[in-house]
Amino acid sequence: MNSETLVKEAIIKDVKKIVAEEQVVTDHATLYDAASDRYRKYMKAKGVLDNPLPTAVVYPNNAEEVKELLMYCNDNDINVIPRSGQTATEGGLENWKDLALVIDGSRMNKILKIDPYNMQATVQAGVPLQALEDELRKIGYTTGHSPQSKPIAQYGGLVATRSIGQFSTLYGGIEDMVVGLECVFPNGHISRIKNISRRAGGPDIRHIVIGNEGTLCYITEVTVKIFKYYPDNNKFFGYLVNDVEDGVKVLREVMVNGYRPSVARTYSPEDARQHFYHFYEGKCVLIFMAEGPEGIVEATGKGIEEAVEKFKDGIVKQVDSQLIENWFNQLNWTQQTIDDEIQGMIDNDKHDGYTTEVSADWETITKIYNNVINRIRNEFPRADDLTMLGGHSSHSYLNGTNMYFVYNYDINCEPEDEMKIYHHPIQAIIVEETLKLGGSMCHHHGIGKYRNEWTKEEHQSAYYMLESLKEVFDPKGVMSFGNIYPVQEGLKYQK
(Lines give C-alpha, C1' and ligand atoms only; values in the text may rest on other atoms or scores of the structure.)
Protein backbone atom coordinates (compact mmCIF):
# COMPACT_ATOMS: atom_id res chain seq x y z
CA MET A 1 0.00 0.00 0.00
CA ASN A 2 1.60 3.27 -1.10
CA SER A 3 1.79 6.46 0.96
CA GLU A 4 -0.92 8.26 -1.05
CA THR A 5 -3.38 5.43 -0.38
CA LEU A 6 -2.56 5.59 3.32
CA VAL A 7 -3.16 9.34 3.38
CA LYS A 8 -6.51 8.93 1.60
CA GLU A 9 -7.59 6.23 4.03
CA ALA A 10 -6.67 8.49 6.94
CA ILE A 11 -8.73 11.33 5.42
CA ILE A 12 -11.74 9.07 4.96
CA LYS A 13 -11.41 7.88 8.56
CA ASP A 14 -11.28 11.48 9.81
CA VAL A 15 -14.25 12.54 7.71
CA LYS A 16 -16.34 9.69 9.12
CA LYS A 17 -15.77 11.25 12.55
CA ILE A 18 -17.34 14.50 11.30
CA VAL A 19 -20.37 12.98 9.58
CA ALA A 20 -22.01 9.56 9.69
CA GLU A 21 -20.34 6.74 7.80
CA GLU A 22 -23.24 6.45 5.38
CA GLN A 23 -22.68 10.09 4.36
CA VAL A 24 -19.24 9.24 2.95
CA VAL A 25 -19.10 7.42 -0.40
CA THR A 26 -15.87 6.02 -1.84
CA ASP A 27 -16.75 3.37 -4.43
CA HIS A 28 -14.92 3.71 -7.73
CA ALA A 29 -18.00 4.38 -9.90
CA THR A 30 -19.10 7.28 -7.68
CA LEU A 31 -15.60 8.76 -7.56
CA TYR A 32 -15.14 8.48 -11.33
CA ASP A 33 -18.47 10.19 -11.92
CA ALA A 34 -17.49 12.93 -9.45
CA ALA A 35 -14.09 13.51 -11.06
CA SER A 36 -15.56 15.63 -13.85
CA ASP A 37 -18.72 17.36 -15.02
CA ARG A 38 -20.22 17.72 -18.51
CA TYR A 39 -17.27 19.63 -19.95
CA ARG A 40 -15.16 16.61 -20.91
CA LYS A 41 -18.27 14.52 -21.38
CA TYR A 42 -16.99 12.38 -24.27
CA MET A 43 -13.77 11.42 -22.49
CA LYS A 44 -15.77 10.67 -19.37
CA ALA A 45 -18.30 8.50 -21.18
CA LYS A 46 -15.52 6.58 -22.90
CA GLY A 47 -13.81 5.92 -19.54
CA VAL A 48 -10.55 7.74 -20.36
CA LEU A 49 -10.54 10.71 -17.96
CA ASP A 50 -6.94 11.49 -17.00
CA ASN A 51 -7.47 13.73 -13.97
CA PRO A 52 -7.31 12.42 -10.38
CA LEU A 53 -10.34 10.86 -8.72
CA PRO A 54 -11.52 12.66 -5.59
CA THR A 55 -10.83 10.98 -2.26
CA ALA A 56 -14.51 10.78 -1.33
CA VAL A 57 -17.93 12.26 -1.96
CA VAL A 58 -19.48 13.57 1.26
CA TYR A 59 -23.15 14.42 1.78
CA PRO A 60 -23.61 16.87 4.69
CA ASN A 61 -27.04 17.36 6.25
CA ASN A 62 -26.69 20.96 7.42
CA ALA A 63 -24.50 24.05 7.55
CA GLU A 64 -22.78 22.91 10.74
CA GLU A 65 -21.53 19.77 9.05
CA VAL A 66 -20.38 21.84 6.08
CA LYS A 67 -18.51 24.08 8.52
CA GLU A 68 -16.68 21.15 10.13
CA LEU A 69 -15.81 19.62 6.76
CA LEU A 70 -14.44 22.88 5.37
CA MET A 71 -12.38 23.55 8.48
CA TYR A 72 -10.89 20.05 8.28
CA CYS A 73 -10.00 20.50 4.61
CA ASN A 74 -8.59 23.96 5.23
CA ASP A 75 -6.39 22.69 8.06
CA ASN A 76 -5.13 19.75 6.02
CA ASP A 77 -4.77 21.34 2.56
CA ILE A 78 -7.43 19.18 0.94
CA ASN A 79 -9.17 20.48 -2.18
CA VAL A 80 -12.91 21.09 -1.74
CA ILE A 81 -15.27 20.75 -4.68
CA PRO A 82 -18.69 22.15 -3.69
CA ARG A 83 -21.42 20.38 -5.66
CA SER A 84 -25.14 20.92 -5.81
CA GLY A 85 -27.02 19.72 -8.85
CA GLN A 86 -24.16 18.35 -10.96
CA THR A 87 -25.23 20.06 -14.20
CA ALA A 88 -22.08 22.17 -14.66
CA THR A 89 -20.72 22.42 -18.20
CA GLU A 90 -17.38 24.28 -17.89
CA GLY A 91 -15.20 21.96 -15.79
CA GLY A 92 -16.17 23.63 -12.52
CA LEU A 93 -16.71 20.25 -10.87
CA GLU A 94 -13.55 18.67 -12.30
CA ASN A 95 -10.87 17.59 -9.85
CA TRP A 96 -7.24 18.60 -10.40
CA LYS A 97 -5.82 17.56 -7.01
CA ASP A 98 -4.68 14.18 -5.64
CA LEU A 99 -6.46 14.89 -2.35
CA ALA A 100 -9.99 16.24 -2.74
CA LEU A 101 -13.43 16.00 -1.18
CA VAL A 102 -16.55 16.55 -3.23
CA ILE A 103 -19.04 18.03 -0.78
CA ASP A 104 -22.48 17.39 -2.25
CA GLY A 105 -25.39 19.45 -0.91
CA SER A 106 -28.20 17.31 -2.28
CA ARG A 107 -29.29 16.09 1.18
CA MET A 108 -29.87 19.68 2.29
CA ASN A 109 -33.10 19.60 0.35
CA LYS A 110 -35.80 21.27 2.44
CA ILE A 111 -38.04 24.07 1.22
CA LEU A 112 -37.91 26.14 4.41
CA LYS A 113 -40.52 28.80 3.69
CA ILE A 114 -42.77 30.02 0.91
CA ASP A 115 -43.89 33.57 1.64
CA PRO A 116 -46.38 34.83 -0.99
CA TYR A 117 -47.10 38.08 0.85
CA ASN A 118 -43.45 39.13 0.76
CA MET A 119 -42.98 37.43 -2.62
CA GLN A 120 -40.06 35.24 -1.67
CA ALA A 121 -39.13 31.65 -0.85
CA THR A 122 -36.28 30.21 1.23
CA VAL A 123 -34.69 26.88 0.38
CA GLN A 124 -31.68 24.83 1.32
CA ALA A 125 -28.96 24.56 -1.29
CA GLY A 126 -29.88 21.05 -2.39
CA VAL A 127 -33.49 21.84 -3.28
CA PRO A 128 -34.05 21.15 -6.99
CA LEU A 129 -35.34 24.15 -8.90
CA GLN A 130 -38.19 22.03 -10.26
CA ALA A 131 -39.26 21.04 -6.73
CA LEU A 132 -39.73 24.66 -5.69
CA GLU A 133 -41.38 25.50 -9.00
CA ASP A 134 -43.88 22.65 -8.55
CA GLU A 135 -44.84 23.86 -5.08
CA LEU A 136 -45.22 27.44 -6.25
CA ARG A 137 -47.37 26.49 -9.23
CA LYS A 138 -49.87 24.89 -6.83
CA ILE A 139 -50.61 28.33 -5.36
CA GLY A 140 -50.34 30.39 -8.56
CA TYR A 141 -46.69 31.49 -8.40
CA THR A 142 -43.43 30.76 -10.23
CA THR A 143 -39.71 31.08 -9.64
CA GLY A 144 -39.34 32.79 -13.02
CA HIS A 145 -36.13 30.79 -13.39
CA SER A 146 -36.04 28.21 -16.15
CA PRO A 147 -32.61 27.10 -17.35
CA GLN A 148 -32.60 24.10 -19.66
CA SER A 149 -31.40 22.03 -16.68
CA LYS A 150 -34.43 23.06 -14.61
CA PRO A 151 -35.69 19.52 -13.83
CA ILE A 152 -32.45 18.55 -12.07
CA ALA A 153 -30.54 21.77 -11.21
CA GLN A 154 -30.27 22.66 -7.51
CA TYR A 155 -30.20 26.07 -5.89
CA GLY A 156 -26.67 25.98 -4.51
CA GLY A 157 -25.25 25.34 -7.95
CA LEU A 158 -27.57 27.83 -9.64
CA VAL A 159 -26.40 30.64 -7.38
CA ALA A 160 -22.73 29.61 -7.36
CA THR A 161 -22.57 29.68 -11.17
CA ARG A 162 -24.60 32.88 -11.67
CA SER A 163 -27.08 30.93 -13.75
CA ILE A 164 -29.69 32.30 -16.09
CA GLY A 165 -32.99 30.92 -17.35
CA GLN A 166 -34.88 30.90 -20.62
CA PHE A 167 -37.22 33.66 -19.42
CA SER A 168 -34.45 35.98 -18.23
CA THR A 169 -35.40 38.92 -20.42
CA LEU A 170 -38.45 39.37 -18.18
CA TYR A 171 -37.42 37.89 -14.82
CA GLY A 172 -33.66 38.44 -14.89
CA GLY A 173 -30.80 36.11 -14.04
CA ILE A 174 -30.32 34.40 -10.69
CA GLU A 175 -28.47 37.50 -9.44
CA ASP A 176 -31.70 39.48 -9.89
CA MET A 177 -33.68 36.87 -7.95
CA VAL A 178 -31.49 36.24 -4.90
CA VAL A 179 -32.70 38.20 -1.88
CA GLY A 180 -30.44 36.75 0.82
CA LEU A 181 -28.41 33.63 1.52
CA GLU A 182 -26.28 31.66 3.93
CA CYS A 183 -22.76 30.48 3.12
CA VAL A 184 -19.78 28.90 4.85
CA PHE A 185 -16.17 29.97 4.36
CA PRO A 186 -13.17 27.59 4.56
CA ASN A 187 -12.18 28.89 7.99
CA GLY A 188 -15.58 27.76 9.27
CA HIS A 189 -17.25 31.17 9.43
CA ILE A 190 -20.95 31.03 8.58
CA SER A 191 -22.29 34.22 7.02
CA ARG A 192 -25.98 34.99 6.66
CA ILE A 193 -27.00 37.83 4.37
CA LYS A 194 -30.42 38.95 5.52
CA ASN A 195 -33.47 39.05 3.28
CA ILE A 196 -34.26 42.64 2.37
CA SER A 197 -35.61 44.26 -0.78
CA ARG A 198 -32.78 46.79 -1.11
CA ARG A 199 -30.27 48.56 1.06
CA ALA A 200 -27.35 50.98 0.79
CA GLY A 201 -25.28 49.41 3.54
CA GLY A 202 -22.01 49.44 1.64
CA PRO A 203 -21.13 47.21 -1.33
CA ASP A 204 -23.69 44.55 -2.20
CA ILE A 205 -22.04 41.60 -0.46
CA ARG A 206 -24.42 39.10 -2.06
CA HIS A 207 -22.19 39.32 -5.10
CA ILE A 208 -19.18 37.98 -3.26
CA VAL A 209 -21.14 34.73 -3.17
CA ILE A 210 -23.26 34.79 -6.33
CA GLY A 211 -21.13 33.46 -9.17
CA ASN A 212 -18.14 32.54 -6.99
CA GLU A 213 -18.13 29.02 -8.53
CA GLY A 214 -17.16 27.45 -5.22
CA THR A 215 -13.86 29.33 -5.06
CA LEU A 216 -14.67 31.41 -1.97
CA CYS A 217 -17.37 29.66 0.04
CA TYR A 218 -20.03 26.96 0.19
CA ILE A 219 -23.65 28.05 -0.25
CA THR A 220 -26.06 26.31 2.16
CA GLU A 221 -29.30 28.32 1.93
CA VAL A 222 -30.90 30.76 -0.50
CA THR A 223 -33.89 33.10 -0.46
CA VAL A 224 -35.24 34.08 -3.88
CA LYS A 225 -38.01 36.26 -5.22
CA ILE A 226 -41.17 34.63 -6.52
CA PHE A 227 -43.61 35.90 -9.13
CA LYS A 228 -47.28 35.56 -9.91
CA TYR A 229 -47.91 33.05 -12.67
CA TYR A 230 -50.22 33.80 -15.62
CA PRO A 231 -49.89 30.85 -18.04
CA ASP A 232 -53.25 31.47 -19.72
CA ASN A 233 -52.00 34.83 -21.02
CA ASN A 234 -48.88 33.55 -22.83
CA LYS A 235 -48.44 34.67 -26.43
CA PHE A 236 -45.89 33.33 -28.88
CA PHE A 237 -44.42 35.02 -31.96
CA GLY A 238 -42.17 33.55 -34.65
CA TYR A 239 -40.59 34.91 -37.82
CA LEU A 240 -38.12 33.86 -40.47
CA VAL A 241 -35.51 36.57 -41.04
CA ASN A 242 -32.73 37.07 -43.56
CA ASP A 243 -29.72 37.02 -41.25
CA VAL A 244 -28.58 37.23 -37.64
CA GLU A 245 -28.09 40.98 -37.84
CA ASP A 246 -31.72 41.51 -38.92
CA GLY A 247 -32.89 39.43 -35.96
CA VAL A 248 -30.69 41.33 -33.52
CA LYS A 249 -32.05 44.65 -34.80
CA VAL A 250 -35.58 43.55 -33.91
CA LEU A 251 -34.47 42.29 -30.49
CA ARG A 252 -32.81 45.64 -29.80
CA GLU A 253 -35.86 47.62 -30.91
CA VAL A 254 -38.12 45.70 -28.54
CA MET A 255 -35.74 46.11 -25.60
CA VAL A 256 -34.84 49.78 -26.00
CA ASN A 257 -38.51 50.67 -26.36
CA GLY A 258 -39.03 49.35 -22.84
CA TYR A 259 -40.79 46.04 -23.50
CA ARG A 260 -39.82 42.90 -21.63
CA PRO A 261 -40.90 39.71 -23.36
CA SER A 262 -40.00 36.66 -21.30
CA VAL A 263 -38.27 35.17 -24.34
CA ALA A 264 -36.51 37.04 -27.14
CA ARG A 265 -34.26 35.01 -29.43
CA THR A 266 -32.75 34.95 -32.89
CA TYR A 267 -31.10 31.85 -34.42
CA SER A 268 -28.65 31.49 -37.27
CA PRO A 269 -29.78 29.08 -40.03
CA GLU A 270 -27.36 26.37 -38.86
CA ASP A 271 -28.62 26.56 -35.29
CA ALA A 272 -32.25 26.93 -36.42
CA ARG A 273 -31.95 23.70 -38.38
CA GLN A 274 -31.58 21.60 -35.23
CA HIS A 275 -34.52 23.28 -33.45
CA PHE A 276 -36.90 24.34 -36.22
CA TYR A 277 -36.03 21.97 -39.08
CA HIS A 278 -39.71 21.57 -39.99
CA PHE A 279 -40.24 25.24 -40.82
CA TYR A 280 -36.98 27.25 -40.89
CA GLU A 281 -36.62 27.07 -44.71
CA GLY A 282 -32.88 27.69 -44.53
CA LYS A 283 -33.41 31.09 -42.87
CA CYS A 284 -32.69 32.62 -39.48
CA VAL A 285 -35.49 32.26 -36.92
CA LEU A 286 -36.67 35.05 -34.61
CA ILE A 287 -38.96 34.16 -31.70
CA PHE A 288 -40.66 35.92 -28.79
CA MET A 289 -42.87 34.99 -25.88
CA ALA A 290 -44.89 37.51 -23.89
CA GLU A 291 -46.21 36.61 -20.45
CA GLY A 292 -47.64 38.19 -17.32
CA PRO A 293 -50.90 40.06 -16.63
CA GLU A 294 -53.14 40.34 -19.66
CA GLY A 295 -52.59 44.06 -20.16
CA ILE A 296 -48.82 43.70 -20.09
CA VAL A 297 -48.95 40.78 -22.53
CA GLU A 298 -51.10 42.77 -24.94
CA ALA A 299 -48.79 45.78 -24.76
CA THR A 300 -45.67 43.62 -25.16
CA GLY A 301 -47.18 41.83 -28.15
CA LYS A 302 -47.97 45.15 -29.78
CA GLY A 303 -44.41 46.32 -29.15
CA ILE A 304 -43.03 43.19 -30.79
CA GLU A 305 -45.25 43.65 -33.83
CA GLU A 306 -44.22 47.30 -34.15
CA ALA A 307 -40.54 46.36 -34.04
CA VAL A 308 -41.07 43.70 -36.70
CA GLU A 309 -42.90 46.18 -38.89
CA LYS A 310 -40.09 48.73 -38.52
CA PHE A 311 -37.55 46.20 -39.78
CA LYS A 312 -39.85 44.40 -42.20
CA ASP A 313 -37.26 44.47 -44.97
CA GLY A 314 -35.35 41.83 -43.04
CA ILE A 315 -38.42 39.71 -42.30
CA VAL A 316 -39.15 36.84 -44.69
CA LYS A 317 -42.44 35.63 -43.19
CA GLN A 318 -44.32 35.09 -39.95
CA VAL A 319 -44.50 31.60 -38.45
CA ASP A 320 -47.55 29.93 -36.91
CA SER A 321 -47.34 30.71 -33.18
CA GLN A 322 -48.38 27.16 -32.27
CA LEU A 323 -45.11 25.88 -33.73
CA ILE A 324 -43.17 28.13 -31.36
CA GLU A 325 -45.27 27.10 -28.37
CA ASN A 326 -44.79 23.41 -29.16
CA TRP A 327 -41.03 23.92 -29.33
CA PHE A 328 -40.90 25.63 -25.93
CA ASN A 329 -42.80 22.81 -24.32
CA GLN A 330 -40.06 20.33 -25.33
CA LEU A 331 -37.01 22.47 -24.59
CA ASN A 332 -35.83 21.38 -21.13
CA TRP A 333 -33.62 18.34 -20.72
CA THR A 334 -34.06 15.86 -17.90
CA GLN A 335 -31.79 13.31 -16.25
CA GLN A 336 -33.01 10.86 -18.89
CA THR A 337 -31.82 13.27 -21.60
CA ILE A 338 -28.35 13.30 -20.05
CA ASP A 339 -28.33 9.52 -19.56
CA ASP A 340 -29.35 8.97 -23.17
CA GLU A 341 -26.56 11.23 -24.42
CA ILE A 342 -24.00 9.42 -22.24
CA GLN A 343 -25.15 6.05 -23.55
CA GLY A 344 -24.98 7.39 -27.08
CA MET A 345 -21.38 8.48 -26.52
CA ILE A 346 -20.51 5.07 -25.12
CA ASP A 347 -22.08 3.27 -28.05
CA ASN A 348 -20.99 5.66 -30.79
CA ASP A 349 -18.09 7.96 -31.59
CA LYS A 350 -20.13 11.17 -31.38
CA HIS A 351 -21.96 13.51 -29.01
CA ASP A 352 -24.55 16.29 -29.11
CA GLY A 353 -22.03 19.11 -29.49
CA TYR A 354 -20.87 22.04 -27.38
CA THR A 355 -21.73 25.66 -26.72
CA THR A 356 -19.70 28.72 -25.77
CA GLU A 357 -21.72 31.73 -24.66
CA VAL A 358 -20.48 35.33 -24.69
CA SER A 359 -22.04 38.78 -24.38
CA ALA A 360 -21.52 42.31 -25.68
CA ASP A 361 -23.32 45.55 -26.46
CA TRP A 362 -25.72 45.81 -29.40
CA GLU A 363 -23.16 47.43 -31.68
CA THR A 364 -20.59 44.70 -31.11
CA ILE A 365 -22.43 41.39 -30.85
CA THR A 366 -22.91 40.74 -34.59
CA LYS A 367 -19.30 41.76 -35.28
CA ILE A 368 -18.20 39.11 -32.79
CA TYR A 369 -20.52 36.57 -34.38
CA ASN A 370 -19.30 37.19 -37.91
CA ASN A 371 -15.62 37.30 -36.93
CA VAL A 372 -15.88 34.04 -34.99
CA ILE A 373 -17.73 32.14 -37.71
CA ASN A 374 -15.27 33.36 -40.38
CA ARG A 375 -12.20 32.48 -38.31
CA ILE A 376 -13.42 29.00 -37.44
CA ARG A 377 -14.36 28.21 -41.03
CA ASN A 378 -11.09 29.55 -42.42
CA GLU A 379 -8.51 28.88 -39.68
CA PHE A 380 -9.65 25.86 -37.69
CA PRO A 381 -7.56 22.93 -38.98
CA ARG A 382 -10.42 20.45 -38.65
CA ALA A 383 -13.06 22.69 -40.22
CA ASP A 384 -13.98 19.92 -42.65
CA ASP A 385 -15.07 17.79 -39.69
CA LEU A 386 -17.64 20.37 -38.54
CA THR A 387 -21.20 19.12 -38.86
CA MET A 388 -22.78 22.24 -37.36
CA LEU A 389 -21.54 25.76 -36.64
CA GLY A 390 -23.89 28.56 -35.73
CA GLY A 391 -25.35 30.48 -32.85
CA HIS A 392 -28.24 32.29 -31.29
CA SER A 393 -28.95 35.29 -29.11
CA SER A 394 -31.23 34.29 -26.24
CA HIS A 395 -30.80 36.77 -23.36
CA SER A 396 -31.23 40.47 -24.06
CA TYR A 397 -30.90 43.65 -22.03
CA LEU A 398 -31.41 47.36 -22.52
CA ASN A 399 -27.79 47.82 -23.60
CA GLY A 400 -26.86 44.53 -25.23
CA THR A 401 -27.37 40.82 -25.65
CA ASN A 402 -25.60 37.46 -25.58
CA MET A 403 -24.47 35.09 -28.28
CA TYR A 404 -24.54 31.33 -27.82
CA PHE A 405 -22.10 29.73 -30.24
CA VAL A 406 -23.17 26.17 -30.98
CA TYR A 407 -21.01 23.63 -32.78
CA ASN A 408 -20.51 19.94 -33.39
CA TYR A 409 -18.12 17.82 -35.40
CA ASP A 410 -17.22 14.33 -36.52
CA ILE A 411 -14.70 12.99 -34.01
CA ASN A 412 -11.81 11.67 -36.08
CA CYS A 413 -9.41 11.02 -33.21
CA GLU A 414 -9.09 9.05 -29.99
CA PRO A 415 -11.48 10.09 -27.18
CA GLU A 416 -8.62 11.38 -25.02
CA ASP A 417 -7.53 13.77 -27.79
CA GLU A 418 -10.96 15.16 -28.71
CA MET A 419 -10.97 18.29 -26.52
CA LYS A 420 -7.48 19.43 -27.52
CA ILE A 421 -8.02 18.80 -31.23
CA TYR A 422 -11.58 20.12 -31.54
CA HIS A 423 -13.29 21.90 -28.66
CA HIS A 424 -10.41 23.87 -27.14
CA PRO A 425 -9.24 25.46 -30.43
CA ILE A 426 -12.81 26.42 -31.33
CA GLN A 427 -13.48 27.89 -27.89
CA ALA A 428 -10.18 29.78 -28.01
CA ILE A 429 -11.22 31.51 -31.24
CA ILE A 430 -14.58 32.49 -29.72
CA VAL A 431 -12.97 33.88 -26.56
CA GLU A 432 -10.21 35.71 -28.43
CA GLU A 433 -12.57 37.46 -30.83
CA THR A 434 -14.97 38.38 -28.02
CA LEU A 435 -12.28 39.89 -25.79
CA LYS A 436 -10.67 41.65 -28.75
CA LEU A 437 -13.90 43.60 -29.29
CA GLY A 438 -14.56 44.29 -25.62
CA GLY A 439 -17.24 41.68 -24.93
CA SER A 440 -17.40 39.20 -22.07
CA MET A 441 -16.05 35.69 -22.68
CA CYS A 442 -18.73 34.07 -20.49
CA HIS A 443 -22.33 35.19 -20.28
CA HIS A 444 -23.76 32.63 -17.86
CA HIS A 445 -22.00 29.25 -17.83
CA GLY A 446 -19.16 30.69 -15.79
CA ILE A 447 -15.41 30.50 -16.22
CA GLY A 448 -14.94 27.06 -14.72
CA LYS A 449 -11.50 25.59 -15.33
CA TYR A 450 -11.21 25.89 -19.09
CA ARG A 451 -11.60 29.61 -19.59
CA ASN A 452 -9.46 30.60 -16.59
CA GLU A 453 -6.46 31.29 -18.84
CA TRP A 454 -8.35 34.40 -19.99
CA THR A 455 -9.67 35.54 -16.58
CA LYS A 456 -7.08 38.30 -16.25
CA GLU A 457 -7.80 39.57 -19.75
CA GLU A 458 -11.55 39.42 -19.04
CA HIS A 459 -11.23 41.66 -15.98
CA GLN A 460 -8.06 43.59 -16.86
CA SER A 461 -7.33 46.20 -14.16
CA ALA A 462 -10.31 44.97 -12.11
CA TYR A 463 -8.64 41.57 -11.72
CA TYR A 464 -7.01 43.13 -8.64
CA MET A 465 -10.42 43.08 -6.96
CA LEU A 466 -11.17 39.48 -7.94
CA GLU A 467 -7.73 38.28 -6.89
CA SER A 468 -8.03 40.05 -3.54
CA LEU A 469 -11.28 38.22 -2.74
CA LYS A 470 -9.47 34.89 -3.10
CA GLU A 471 -6.61 36.04 -0.91
CA VAL A 472 -8.98 37.12 1.86
CA PHE A 473 -11.62 34.40 1.85
CA ASP A 474 -9.57 31.37 0.75
CA PRO A 475 -5.94 32.22 1.51
CA LYS A 476 -4.84 28.56 1.49
CA GLY A 477 -6.50 27.93 -1.89
CA VAL A 478 -8.49 24.85 -0.88
CA MET A 479 -11.78 25.86 -2.53
CA SER A 480 -12.45 24.65 -6.10
CA PHE A 481 -8.83 24.59 -7.17
CA GLY A 482 -8.57 25.81 -10.77
CA ASN A 483 -11.96 27.47 -11.05
CA ILE A 484 -11.90 31.10 -12.24
CA TYR A 485 -8.30 31.69 -11.10
CA PRO A 486 -5.56 30.42 -13.47
CA VAL A 487 -3.21 27.76 -12.04
CA GLN A 488 -0.08 26.30 -13.59
CA GLU A 489 -1.08 22.73 -12.75
CA GLY A 490 -4.10 22.91 -15.03
CA LEU A 491 -2.20 23.47 -18.25
CA LYS A 492 -1.76 19.75 -18.88
CA TYR A 493 -5.55 19.37 -19.08
CA GLN A 494 -6.17 22.57 -21.04
CA LYS A 495 -3.47 22.37 -23.71
Side-chain angles (χ1 to χ4, degrees), residues 32-54 81 88-98 100 213 341-342 344-358 371-391 404-436 441-442 445-458 480-495:
Y32 182 82
D33 183 57
S36 183
D37 55 24
R38 287 179 53 77
Y39 184 79
R40 298 201 292 172
K41 58 185 180 180
Y42 185 61
M43 286 181 69
K44 186 176 183 179
K46 291 292 189 180
V48 295
L49 284 177
D50 56 355
N51 57 301
L53 301 188
I81 302 175
T89 62
E90 301 302 318
L93 298 180
E94 190 168 308
N95 178 42
W96 284 357
K97 283 288 191 180
D98 290 331
E213 297 186 37
E341 185 190 13
I342 292 171
M345 289 186 285
I346 293 171
D347 296 339
N348 308 292
D349 295 326
K350 63 180 182 180
H351 53 59
D352 291 342
Y354 283 98
T355 63
T356 301
E357 25 62 69
V358 304
N371 288 359
V372 165
I373 298 299
N374 288 336
R375 269 196 67 187
I376 293 174
R377 285 176 174 159
N378 294 316
E379 297 179 22
F380 177 50
R382 297 290 187 104
D384 289 344
D385 291 339
L386 290 169
T387 57
M388 204 280 283
L389 174 65
Y404 237 124
F405 288 98
V406 187
Y407 42 95
N408 203 354
Y409 38 78
D410 290 325
I411 303 172
N412 293 316
C413 67
E414 295 301 315
E416 50 265 51
D417 298 325
E418 179 238 348
M419 299 301 280
K420 294 176 182 179
I421 290 177
Y422 291 99
H423 181 51
H424 290 171
I426 293 173
Q427 179 154 278
I429 289 173
I430 295 168
V431 171
E432 288 165 7
E433 290 302 315
T434 300
L435 293 176
K436 189 186 301 181
M441 67 168 175
C442 45
H445 283 169
I447 291 174
K449 290 182 173 65
Y450 289 91
R451 287 188 237 187
N452 69 15
E453 61 181 295
W454 296 286
T455 301
K456 292 181 181 179
E457 189 176 352
E458 167 79 14
S480 291
F481 180 78
N483 282 11
I484 299 179
Y485 301 91
V487 293
Q488 187 70 26
E489 295 93 323
L491 292 177
K492 60 185 176 182
Y493 304 115
Q494 295 169 322
K495 299 297 184 181

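Owing to the predicted nature of the structure, the values given are computational and were not obtained by experimental measurement.
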*Taking the side chain as every heavy atom from C-beta outward, state whether Tyr422 and Asn412 have any pair of such atoms under 4.5 Å apart.*
yes

*asked:* For Thr387, is there any backbone N or O sitting under 3.5 Å from a side-chain donor or acceptor partner on Asn408?
replied: no

*asked:* Let me confirm one number: the OG1-CD distance from Thr434 to Glu357, rounded to the nearest 0.5 Å.
replied: 10.0 Å

*Should Arg451 and Glu458 count as an ion pair when the cut-off is N to O under 4.0 Å?*
no

_Any donor-acceptor N/O pair, Thr455 side chain to Ile484 backbone, under 3.5 Å_ = yes

*Applying side-chain contact (heavy atoms from CB on, under 4.5 Å), run through Tyr32 and Leu53 and close with a yes or a no.*
CA-CA 6 Å; Tyr32 182 82; Leu53 301 188; 4.1 Å; yes

*asked:* Parallel, tilted or perpendicular, judged at 30° and 60°: which one describes the rings of Tyr409 and His351?
replied: perpendicular

*Run the side-chain contact (heavy atoms from CB on, under 4.5 Å) check on Arg38 and Leu93 step by step: do they pass?*
CA-CA 9 Å; Arg38 287 179 53 77; Leu93 298 180; over 6 Å; no

*asked:* Check this for me, if you would: do Arg40 and Asp50 make a salt bridge, where the nitrogen-to-carboxylate-oxygen distance has to be below 4.0 angstrom?
replied: yes

_Minimum heavy-atom distance between Pro52 and Asn95, given as atom pair plus value_ = O-ND2, 3.0 Å

*Could you tell me which non-hydrogen atom of Phe380 sits nearest to which non-hydrogen atom of Ile421, and how far apart they are?*
CE1-O, 3.5 Å

*Any chance you could measure Tyr407, atom OH, to Thr355, atom OG1, to the nearest 0.5 Å?*
6.5 Å

*asked:* Within the 3.5 Å criterion, strictly below it, is a donor on Asp349 or Tyr42 matched to an acceptor on the partner's side chain?
replied: yes

*asked:* Determine whether a donor-acceptor pair (N or O, by modelled atom type, separation under 3.5 Å) exists between the side chain of Lys97 and the backbone of Ser480.
replied: no

*Compare all side-chain heavy atoms of Ser36 with those of Glu94 and state whether any distance is below 4.5 angstrom.*
yes

_Check this for me: Asp384, atom CG, are more than 12 non-hydrogen atoms of other residues, nucleotides or ligands nearer than 6.0 Å?_
no

_Geometric class of the His423/Tyr354 ring pair [parallel <30°, tilted 30-60°, perpendicular >60°]_ = parallel

*Atom pair CH2 (Trp96) and CG (Asn483), whose distance is rounded to the nearest 0.5 Å*: 8.0 Å

*Is there a side-chain contact between Val372 and Val358, using heavy atoms and a 4.5 Å cut-off?*
no

*Could you walk me through whether Glu90 and Gln427 pass the side-chain contact (heavy atoms from CB on, under 4.5 Å) test, one step at a time?*
CA-CA 11 Å; Glu90 301 302 318; Gln427 179 154 278; 4.1 Å; yes

_4.5 Å side-chain heavy-atom contact, Leu491 and Glu453_ = no

*Which heavy-atom pair separates Gly448 from Asn452 by the least distance, and what is that distance?*
O-CB, 4.2 Å

*When rounded to the nearest 0.5 angstrom, what is the spacing between CG in Asp352 and CE in Met388?*
10.5 Å

*Looking at Asp37 and Lys44, does any basic side-chain N land under 4.0 Å from a carboxylate oxygen?*
no

*For the residue pair Tyr493 and Asn51, confirm or rule out a side-chain donor-acceptor distance under 3.5 Å.*
no

*NZ of Lys350: more than 12 outside heavy atoms within 6.0 angstrom?*
no

*Under a 4.5 Å cut-off applied to non-hydrogen side-chain atoms, are Val487 and Lys449 in contact?*
no

*Does a salt bridge link Arg375 with Glu432, judged by any charged N lying under 4.0 Å from a carboxylate O?*
yes

*Distance in Å, Ile81 CD1 paired with Phe481 CZ, rounded so as to fall on 0.5 Å steps*: 11.0 Å

*Which pair of heavy atoms, one from Ile447 and one from Cys442, lies closest together, and at what distance?*
CG1-SG, 3.6 Å

*Tell me, yes or no, whether the heavy-atom count around Lys46 atom NZ, taken from other residues, nucleotides or ligands under 6.0 Å, exceeds 12.*
yes

*Give a yes or no on whether the ring-centroid distance for His445 and Tyr450 is below 6.0 angstrom.*
no

*Quick one: pull up CD in Glu418 and CZ in Arg382 and give me the separation to the nearest 0.5 Å.*
11.0 Å

*Sub-3.5 Å donor-acceptor pair from the side chain of Glu457 to the main-chain atoms of Leu435, do we have one?*
no

